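Bear in mind that the values here come from a model prediction, so they are computed numbers and not experimental data.
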Amino acid sequence: MRPHYIDRFGLRNFQSLRASSRHYPDAYVGHLGSQTVVSHLVIPTGLLPKAFPWQDDVMLDRAGTLGKPGAAYETGRLTREQFWKLLASIPPSRHVGTRIRQKRGGRIIAIGEKDYATFVFGTPSADAVVTLARRDAEWRPSGVNVPEYIAANPRFTLDARETYGTGLSTVYALDGNRYVPGNDRAHLGGDVWTTDVALEVMDREPWSGLFLTFGGIDKVAHMLGEEDGRGLESVPSAYRLADVARIADEQLGRILDALKRHNLLERTLIVVTGDHGESLFED
C-alpha cells in the first residue's frame, strides 16, 4: 500500500477520512526491512525491530526457543504457537492491546484474511484472533478464541480452489477467495470477509479495540507488480490493483458507517497504515 493510491484510484472513503484527520504524508516506520511480519509488530508494540525476536523474513533462533539452537526459520511460515513462544520475551505491558483494555475495558480482537499478519498484529494481548485456515478445498475461520457465531456460520467458509487465471502464471497466485471476494455472493472473501467478520463482532461484542488487516492490496500488488503501471499483463487475473484498492475503500466505508450506527464514530480513534511499503529510489 502506498499513500498515493488514495488519489490515484479515487478512493473516496480514504480521501474523506484523510481530509478530516491528521495526515502524515512523509511518515514511515523507520526500519529495515519493511516486511509485513516486522511492521505488523512495530504497530501494536511501539518497539523498534531490534527489540523483536526477528527482524526480517528469516530469523536465527540462537537461543533455541523453538527447537535446535541456531536453527533458521522463515518467519512468514511460523505457526501461531511458534509466534507466541517468541513473543513471550516482550512484556505484555508493551502491547497496545493490553493498554487499551486496562484503560477502556472491553475486548481486543484482531481480524484478517492473512493468517501470520493477523497473529502478529493482534499479539498475545488480543482476546481473540480471527483469520482463515485451509482445509482441503475450503478456507475456514481459524485463530484464537474464534467466536462461535463466526466459526459456526457457513457464510464465513470460502472456496479455496479458484485461481482466477493465476495458477500457472505466478508463484504468488490467488488461492481461491482468501484475498479476493470471488463470485459466490453468499461466501465473499478477501477484504469483504474481514469486514463482515468485523461487523458481526461490532454488533455482538463489548469491544474496545479492533485490529483489522486487509490483505487484498498486498496480495495482488505482489502478484502483478502494478505499483506504477499495468505490471504483468501476461497474467490473466480477473483482479487488478485498482480493483482491490477500491474493494478496500468500500470496506473502510462500511466500517465507518457501522461506527456511525453505533454512535461510536466520534468516540473512536481510527488509525490507517500500510503493513509495509517500498521505495523505488526515485527523486
Side-chain angles (χ1 to χ4, degrees), residues 1 3 5-7 9-24 27 40 43-46 92 95-113 117-118 121-123 125-132 141 143-153 155-156 181 185-217 244-275:
M1 177 64 179
Y5 290 173
I6 295 173
D7 297 314
F9 298 121
L11 308 183
R12 292 183 294 174
N13 291 300
F14 279 101
Q15 289 172 341
S16 176
L17 193 61
R18 182 181 63 187
S20 61
S21 308
R22 293 182 182 271
H23 175 221
Y24 303 94
H40 265 48
I43 294 166
T45 63
H95 298 169
V96 69
T98 300
R99 298 183 182 188
I100 293 173
R101 186 167 46 242
Q102 290 175 342
K103 186 174 181 62
R104 304 297 305 175
R107 305 191 75 206
I108 308 298
I109 301 176
I111 305 166
E113 63 262 39
T118 311
F121 203 22
T123 74
S125 69
D127 295 289
V129 178
V130 185
T131 186
L132 288 164
V144 180
N145 298 326
V146 178
E148 184 64 16
Y149 58 82
I150 299 295
N153 188 340
R155 178 271 169 269
F156 295 111
R185 302 296 301 176
H187 300 272
L188 294 175
D191 298 343
V192 179
W193 181 91
T194 294
T195 302
D196 282 355
V197 172
L199 296 183
E200 285 285 331
V201 167
M202 292 170 72
D203 285 341
R204 295 171 179 263
E205 300 280 356
W207 63 276
S208 58
L210 295 180
F211 297 166
L212 310 182
T213 173
F214 290 170
I217 291 175
V244 291
R246 293 181 185 121
I247 290 168
D249 186 61
E250 292 167 1
Q251 305 323 302
L252 173 62
R254 295 177 65 207
I255 295 293
L256 296 175
D257 288 344
L259 290 172
K260 292 176 185 176
R261 288 197 306 273
H262 289 282
N263 295 316
L264 292 174
L265 185 60
E266 299 303 322
R267 298 172 52 198
T268 303
L269 174 64
I270 302 171
V271 179
V272 178
T273 182
D275 68 346

Taken to the nearest 0.5 Å, the spacing of E113 CD from T194 OG1 works out to 3.5 Å
Quiz item: Is the closest side-chain heavy-atom distance between L188 and R185 below 4.5 Å?
Solution: yes
- Message: Is it the case that the side chain of T213 and the backbone of G112 share a donor-acceptor pair, with hydrogens and angles ignored and the cut-off at 3.5 Å?
- Response: no
* To do: Check whether any side-chain N or O of D249 sits under 3.5 Å from a backbone N or O of R12 as a donor-acceptor pair, and report yes or no.
  => yes
Flag side-chain contact, heavy atom, 4.5 Å: T98 against R101: yes
Flag side-chain contact, heavy atom, 4.5 Å: I270 against L256 | yes
Assess whether side-chain contact (heavy atoms from CB on, under 4.5 Å) is satisfied between F156 and V146, documenting all intermediate values.
CA-CA 12 Å; F156 295 111; V146 178; over 6 Å; no
Query - D127 side chain to I108 backbone, donor-acceptor under 3.5 Å - result: yes
_Contact between W193 and L132 at the side-chain level, heavy atoms closer than 4.5 Å - yes or no?_
yes
Q | Backbone N/O of S125 and side chain of T123: donor-acceptor pair under 3.5 Å | A | yes
Here the gap from R155 atom CZ to D196 atom CG, rounded to the nearest 0.5 Å, amounts to 4.5 Å
Between A128 and R107, the two heavy atoms sitting closest are CB-NH2, 4.2 Å
(Q) With a 4.5 Å cut-off on side-chain heavy atoms, are R204 and P147 touching? (A) no
To the nearest 0.5 Å, atom CG of L199 lies from atom NE2 of H262 at 8.0 Å
The reported gap from CG in L17 to CD in Q15 (rounded to nearest 0.5 angstrom) is 11.0 Å
Residues I217 and Y5: closest non-hydrogen pair is CG2-CE1, 4.2 Å
Side-chain heavy atoms of Y149 within contact of D203, under 4.5 Å = no
On a heavy-atom basis, the closest approach of V244 and G216 is CG2-O, 3.8 Å
_Go through it in stages, so that I can follow the logic: the residues are M202 and L259, the test is side-chain contact (heavy atoms from CB on, under 4.5 Å), and I'd like the CA-CA distance, side-chain angles, deciding distance and then a yes or no._
CA-CA 9 Å; M202 292 170 72; L259 290 172; 3.5 Å; yes
- prompt: Salt bridge or not for R254 and D191, using N-O below 4.0 Å?
  reply: no
Hey, does R246 have a side-chain heavy atom less than 4.5 Å from the side chain of L11?
yes
Taken to the nearest 0.5 Å, the spacing of H23 NE2 from I6 CD1 works out to 6.0 Å
All heavy atoms of T268 vs all of L264, minimum pair found to be OG1-O, 2.6 Å
- Query: Under 4.5 Å between any side-chain heavy atoms of V130 and T118, yes or no?
  - Reply: no
CG (N13) and CG (D257) are apart, to the nearest 0.5 Å, by 7.5 Å
**OP:** Assess whether side-chain contact (heavy atoms from CB on, under 4.5 Å) is satisfied between R18 and D7, documenting all intermediate values.
**Re:** CA-CA 11 Å; R18 182 181 63 187; D7 297 314; 2.9 Å; yes
All heavy atoms of F211 vs all of G122, minimum pair found to be CD1-CA, 4.1 Å
